[in-house]
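Notes follow the structure.
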Amino acid sequence: MPIQQSDVKYTAVATAEGGRDGRVATDDGKLDVIVNPPKEMGGSGAGTNPEQLFAAGYSACFQGALGVVARQEGADITGSTVTAKVGIGQNEDGFGIIVEISAEIPNVDAATAKALVEKAHQVCPYSKATRGNITVTLA
């Protein structure tokens, strides 16, 4: 269920100049990076790229969701990490992305880790936003 404007607690604002080959910065100055297409896509690869920024945001958000679920379940996720791999490629109407999420949770068994990751995928805002739009695989 989508949130309403009245439910918003925080709004991030970023502005791009030059698209995939330029600069992106937030209005508060906390993020200000040069973006360039990766070499694999014919760019210089000198700066970061939108896929890396998306992977960073998704992995951080998913780690937060994992923490929420772990607290609810009474599971210890100390020392855990979440990795997001974001791939980009051509499709029938331009370009599309796919995502693979993996988590390392050292203090729980494999079955518990899998259950926690699946539950985190249900509550993570990035997972909700991408559900039904792109392929997201839980590894």
Side-chain angles (χ1 to χ4, degrees):
M1 175 178 210
I3 67 170
Q4 302 301 312
Q5 185 62 38
S6 61
D7 298 321
V8 172
K9 304 287 185 224
Y10 168 76
T11 299
V13 179
T15 302
E17 299 171 11
R20 296 181 69 81
D21 205 0
R23 174 179 165 260
V24 65
T26 55
D27 64 337
D28 62 6
K30 292 183 180 180
L31 179 73
D32 190 340
V33 294
I34 300 299
V35 290
N36 302 115
K39 289 181 180 181
E40 296 84 350
M41 294 179 67
S44 70
T48 190
N49 59 65
E51 292 70 41
Q52 289 175 325
L53 295 170
F54 188 75
Y58 202 158
S59 62
C61 188
F62 200 96
Q63 178 77 47
L66 185 62
V68 168
V69 169
R71 282 189 294 283
Q72 291 171 345
E73 300 289 322
D76 179 9
I77 64 162
T78 304
S80 66
T81 60
V82 172
T83 301
K85 295 179 181 178
V86 175
I88 184 171
Q90 282 193 280
N91 59 16
E92 64 279 353
D93 59 354
F95 285 86
I97 61 171
I98 61 172
V99 177
E100 179 182 300
I101 300 285
S102 60
E104 294 292 326
I105 311 173
N107 296 325
V108 300
D109 61 67
T112 301
K114 182 177 184 203
L116 289 170
V117 167
E118 288 172 355
K119 288 178 183 176
H121 188 48
Q122 295 307 306
V123 300
C124 173
Y126 273 63
S127 291
K128 288 179 180 181
T130 60
R131 192 167 289 121
N133 298 314
I134 64 170
T135 300
V136 177
T137 305
L138 304 177

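Quantities reported herein were computed from a predicted structural model and do not represent experimental measurements.
- Here the CD atom belonging to Gln90 is positioned 8.0 Å from the CE atom belonging to Met41, to the nearest 0.5 angstrom.
- Identified under the side chain to side chain donor-acceptor pair (under 3.5 Å) test for residues 4-14, with sequence neighbours left out: none.
- For the side chain to side chain contact (heavy atoms under 4.5 Å, CB included) test, residues two or more places apart in sequence or in another chain that qualify with Asn36 are Asp21, Ile34, Ser44, Ala46.
- Residues Val8 and Val13 are members of separate hydrophobic clusters, defined by side-chain heavy-atom contacts under 4.5 angstrom among Ile, Leu, Val, Met, Phe, Trp and Tyr.
- Transitive grouping of hydrophobic side chains (ILVMFWY, heavy atoms separated by less than 4.5 Å) keeps Phe95 and Val35 in distinct clusters.
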Full working for side-chain contact (heavy atoms from CB on, under 4.5 Å) between Arg23 and Asp32: CA-CA 7 Å; Arg23 174 179 165 260; Asp32 190 340; 2.8 Å; yes
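- Expressed to the nearest 0.5 Å, how far CZ of Arg20 lies from CG of Asn49 amounts to 6.5 Å.
- Applying the side chain to side chain donor-acceptor pair (under 3.5 Å) criterion to Thr26, with sequence neighbours excluded, gives Asp28.
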Just distance, no hydrogens or angles: give the donor-acceptor pairs under 3.5 Å from side chains in residues 97-114, sequence neighbours left out.
{"residue": "Asn107", "atom": "ND2", "partner": "Asp76", "partner atom": "OD2", "Å": "3.3"}
{"residue": "Asn107", "atom": "ND2", "partner": "Thr78", "partner atom": "O", "Å": "3.1"}
{"residue": "Asp109", "atom": "OD1", "partner": "Ala111", "partner atom": "N", "Å": "3.1"}
{"residue": "Asp109", "atom": "OD1", "partner": "Thr112", "partner atom": "N", "Å": "2.8"}
{"residue": "Asp109", "atom": "OD1", "partner": "Thr112", "partner atom": "OG1", "Å": "3.1"}
{"residue": "Asp109", "atom": "OD2", "partner": "Thr112", "partner atom": "OG1", "Å": "3.2"}

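- Under the 4.5 Å side-chain heavy-atom criterion for ILVMFWY residues, no single connected hydrophobic cluster contains both Leu53 and Phe62.
- Cluster annotation: Val86 is connected to Val82 through the hydrophobic network of ILVMFWY side chains, with a link wherever side-chain heavy atoms come within less than 4.5 Å.
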Could you list the donor-acceptor pairs under 3.5 angstrom formed between side-chain atoms of residues 65-73 and any protein atom two or more places apart in sequence or on another chain?
{"residue": "Arg71", "atom": "NH1", "partner": "Gly67", "partner atom": "O", "Å": "3.3"}
{"residue": "Glu73", "atom": "OE1", "partner": "Lys119", "partner atom": "NZ", "Å": "3.3"}
{"residue": "Glu73", "atom": "OE2", "partner": "Lys119", "partner atom": "NZ", "Å": "3.0"}

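- Atoms CD1 and CD, from Ile77 and Gln63 in turn, are 5.5 Å apart once rounded to the nearest 0.5 Å.
- A continuous path of hydrophobic side-chain contacts links Leu116 to Tyr126 [ILVMFWY only; heavy atoms under 4.5 Å].
- Side chain of Arg131 to main chain of Val136: no donor-acceptor pair is present (N/O by atom type, distance under 3.5 Å, no hydrogens or angles).
- The aromatic rings of Phe54 and Tyr58 stand perpendicular to each other, their planes meeting at an angle above 60°, with 30° marking the opposite boundary.
- Residues that satisfy the side chain to side chain contact (heavy atoms under 4.5 Å, CB included) test with Asp93, not counting sequence neighbours, are Asn91.
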